Amino acid sequence: MKFSNFLEQTAAIVRKDFLVGTRRRASFAAMLMFSLTAVASLSLAAGGAVIEENLLAALLWVVIFFAASAGIAGTFEDEAAAGTLATLKLYAAPQAVLFGKMIFTLANLTALTIFLLPLFLILFDCAVAQIFLLLVTIFFGVVGIAGAGTLTAALTVSATVKGGLFPILLFPVTLPIFLPAIQLTAAAFTGADFEIDLLILMTIYDLILIVASSILYDYLD
């Protein structure tokens, strides 16, 4: 298949998902409501107490993970409910379907973080000493979640309990992203020196997740 055809098919999948998403906003609304409820509840529970930056960084990534899980789990839900997933693969290459879904998921997660990050910083009265480092860290973290989450959604699309199964499968795959992300986020809050190797590690692992997803997706029905 020509690369131009692949790009056209991928773009078509993305357009389809955006059109469907504008009519059915349940998944995105679930992500926003979870993030809003979680951040507000944690802020009220803290009661204005001073929280260490390492803990704040961990709380931010925990909220991002579970908010993302609430939305990504239904990535293939429309096709599965209509029984059109196999038909979709006939009209577009499986890789185009995967990457189209992945790009749509990444766009949703980006919108989620744009909503969540300012809310988190305001409610926890958290200063950011290195904003560029924070944004880069969140970007690579979100890319990894999108890559792993899209494949996990494809794996669990036929499961009857995918709502509980999805985060259980996703967490160990994305854990190598969260560990350096928490350290880098804490450094961004405090302005402390950070190891550039952590960013390199996140970048490499993101690439591994995307390539592995591309390979494994070919073996799914």
Side-chain angles (χ1 to χ4, degrees), residues 1-28 31 64-65 68-113 136 138-159 162-163 165-178 181 199-221:
M1 181 178 63
K2 294 182 179 179
F3 185 66
S4 59
N5 291 337
F6 172 79
L7 291 179
E8 291 175 0
Q9 292 177 2
T10 302
I13 298 297
V14 175
R15 285 196 300 270
K16 179 192 74 68
D17 282 352
F18 270 110
L19 289 174
V20 173
T22 57
R23 295 193 297 267
R24 299 179 61 182
R25 304 179 180 89
S27 296
F28 187 68
M31 290 194 297
I64 290 176
F65 172 79
S69 298
I72 302 177
T75 301
F76 293 88
E77 186 174 347
D78 290 328
E79 289 82 2
T84 58
L85 184 58
T87 305
L88 183 63
K89 292 180 181 180
L90 291 177
Y91 286 93
Q95 296 297 311
V97 175
L98 174 68
F99 283 103
K101 294 287 188 180
M102 196 177 295
I103 292 171
F104 177 72
T105 299
L106 178 60
N108 276 339
L109 294 183
T110 301
L112 169 68
T113 54
V136 170
I138 289 178
F139 171 76
F140 285 119
V142 166
V143 168
I145 296 173
T150 304
L151 179 64
T152 305
L155 289 171
T156 59
V157 68
S158 299
K162 55 177 173 287
L165 183 63
F166 182 83
I168 294 174
L169 294 177
L170 182 63
F171 180 71
V173 178
T174 53
L175 185 60
I177 293 177
F178 291 139
L199 278 176
I200 296 174
L201 176 63
M202 290 184 68
T203 305
I204 294 174
Y205 192 71
D206 284 351
L207 292 174
I208 292 173
L209 283 176
I210 293 172
V211 172
S213 298
S214 176
I215 295 172
L216 293 174
Y217 189 73
D218 285 335
Y219 295 94
L220 297 181
D221 294 331

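Every heavy atom of this structure was used, including side-chain atoms; hydrogens, water molecules and symmetry mates were not. Counting from 1, the numbers follow the sequence of the chain as shown. Here the structure is a predicted model, which means the values were calculated and not measured.
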Student: Ser213 and Met102: which non-hydrogen atoms are nearest, and at how many Å?
Tutor: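 The answer is CB-CE, 4.3 Å.
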Student: Look up atom CD1 in Ile215 and atom CG in Leu98, then write down how far apart they are to the nearest 0.5 Å.
Tutor: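 Nearest 0.5 Å value for the CD1-CG distance: 11.5 Å.
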Student: So how far is it from Met202 CE to Leu209 CG, rounded to the nearest 0.5 Å?
Tutor: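 The CE atom of Met202 sits 10.5 Å away from the CG atom of Leu209.
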Student: Nearest 0.5 Å please: distance from the OG1 atom of Thr152 over to the CG atom of Leu216.
Tutor: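 Thr152 atom OG1 to Leu216 atom CG measures 10.0 Å (nearest 0.5 Å).
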Student: Going by side-chain contact (heavy atoms from CB on, under 4.5 Å), name the residues that satisfy it together with Leu199, two or more places apart in sequence or in a different chain.
Tutor: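 With sequence neighbours excluded, Leu199 shows a side-chain contact (heavy atoms from CB on, under 4.5 Å) to Leu133, Val136, Thr137, Phe140, Leu184, Phe194, Ile196, given in chain and number order.
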Student: I need the Phe18 CZ to Ile13 CD1 distance, nearest 0.5 Å.
Tutor: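 The CZ atom of Phe18 sits 13.0 Å away from the CD1 atom of Ile13.
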Student: Working to the nearest 0.5 angstrom, can you tell me the gap between Leu155 CG and Thr150 OG1?
Tutor: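 The OG1 atom of Thr150 is 11.0 Å from CG of Leu155, to the nearest 0.5 Å.
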Student: The test is side chain to side chain contact (heavy atoms under 4.5 Å, CB included); show your working for Ile210 and Phe99 and say whether it passes.
Tutor: CA-CA 9 Å; Ile210 293 172; Phe99 283 103; 3.7 Å; yes
Student: The criterion is side-chain contact (heavy atoms from CB on, under 4.5 Å); which residues satisfy it with Ile103, sequence neighbours excluded?
Tutor: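 For Ile103, the residues satisfying side-chain contact (heavy atoms from CB on, under 4.5 Å) (neighbours in sequence not counted) are Thr10, Val14.
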Student: Calculate, to the nearest 0.5 Å, the distance between atoms CD1 and CG belonging to Ile72 and Leu151 respectively.
Tutor: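 Nearest 0.5 Å value for the CD1-CG distance: 11.5 Å.
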Student: Mind checking side-chain hydrogen bond (donor to acceptor under 3.5 Å, both in side chains) for Ser214 and listing every partner two or more places apart, or none if nothing turns up?
Tutor: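 Applying side-chain hydrogen bond (donor to acceptor under 3.5 Å, both in side chains) to Ser214 gives Gln95.
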Student: With Ile208, which residues qualify under side-chain contact (heavy atoms from CB on, under 4.5 Å), at least two apart?
Tutor: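 Listed in chain order: Ile204.
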Student: If you look only at distance, which donor and acceptor atoms sit under 3.5 Å apart when one is on a side chain in residues 166-176 and the other is two or more places apart or in another chain?
Tutor:
{"residue": "Thr174", "atom": "OG1", "partner": "Leu170", "partner atom": "O", "Å": "3.0"}
{"residue": "Thr174", "atom": "OG1", "partner": "Phe171", "partner atom": "O", "Å": "3.2"}

